[in-house]
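Taking it in order: structure first as structure tokens, then the write-up.
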Amino acid sequence: DTEVTQTPKHLVMGMTNKKSLKCEQHMGHRAMYWYKQKAKKPPELMFVYSYEKLSINESVPSRFSPECPNSSLLNLHLHALQPEDSALYLCASSQNPSLAEELFFGSGTQLSVL
Amino acid sequence: TQLLEQSPQFLSIQEGENLTVYCNSSSVFSSLQWYRQEPGEGPVLLVTVVTGGEVKKLKRLTFQFGDARKDSSLHITAAQPGDTGLYLCAGEPGGTSYGKLTFGQGTILTVHP
């Protein structure tokens, strides 16, 4: 299994809603990532989890709250988002947290904030 | 300042043409990766180049890593409509950022039938 699975694929939410994005991998990878991507732009790193511990937070607003319940799962909790947060949210994993080696990306969640 | 300068940003060509995408930096990279992303999907790794001067071929795609490990190129021969997508180079400058990949701005390639 070389897949990173993200759900939901699409999400529309209001600015007062609370929602969660989910990500799962069963490759035994020890690093997991959240990226935000605007249309026709490169992915922007948000968070890195290394061995289930948050190792990098790229100064992301607190309305985004990551969680890593176990080595296979990664969640991103969303609360009080703004319309400018609308984007494709990508989850990725890699084998070795110490090296930015090959990233396996999920298909992403296309988020629209109304 | 972008650590990885990718060019061109947009490329629109006819089927059968050749093209080259460039990825340049003033920093040394321990390795560089090339990804391809289709609309509505996540990026997929095409290749990783590690050794200065290295050339890797993947069917009609040829990847080169500069001798000084500061630049890379992707050459596509006889492009096909299926090659259409966003091409991204990425790397970890100096190999010391511990999991923090830097991406180039991307090249949006459109191949017309």
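A note on names: the letters A, B, ... follow the listed sequences, proteins ahead of strands, and every chain is numbered from 1.
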Test item: B:Leu88 and A:Pro43 side chains (from C-beta on) under 4.5 Å apart, heavy atoms: yes
Criterion side chain to side chain contact (heavy atoms under 4.5 Å, CB included) on B:Leu101 and A:Tyr33, from CA distance to verdict: CA-CA 11 Å; B:Leu101 260 190; A:Tyr33 310 77; over 6 Å; no
More than 12 heavy atoms from other groups under 6.0 Å of CD on B:Gln80: yes
Please tabulate, for the side chains in residues 37-47 of chain B, all donor-acceptor contacts under 3.5 angstrom to protein atoms that are two or more places apart in sequence or on a different chain.
| from | atom 1 | to | atom 2 | distance (Å) |
| --- | --- | --- | --- | --- |
| B:Gln37 | OE1 | A:Gln37 | NE2 | 2.7 |
| B:Gln37 | NE2 | A:Gln37 | OE1 | 2.7 |
| B:Gln37 | NE2 | B:Glu41 | O | 2.7 |
| B:Glu38 | OE2 | B:Arg36 | NH1 | 3.3 |
| B:Glu38 | OE2 | B:Arg36 | NH2 | 3.2 |
| B:Glu41 | OE1 | A:Ser107 | OG | 2.9 |

From A:Phe105 atom CZ to B:Tyr35 atom OH, the distance as rounded to the nearest 0.5 Å: 5.5 Å
Linked, directly or transitively: A:Met46 and A:Val4 (ILVMFWY side chains, under 4.5 Å): no
Hphob cluster co-occupancy, A:Phe47 + A:Tyr89, side-chain heavy atoms under 4.5 angstrom: yes
Chain B contacts, top residue of A:Glu58, A:His10, A:Lys9 (heavy-atom pairs, under 4.5 Å): A:Glu58
Part of A:Gln6 within contact of chain B (heavy atom distance under 4.5 Å): neither
Residues, nucleotides or ligands: over 12 heavy atoms within 6.0 Å of B:Lys56 NZ: yes
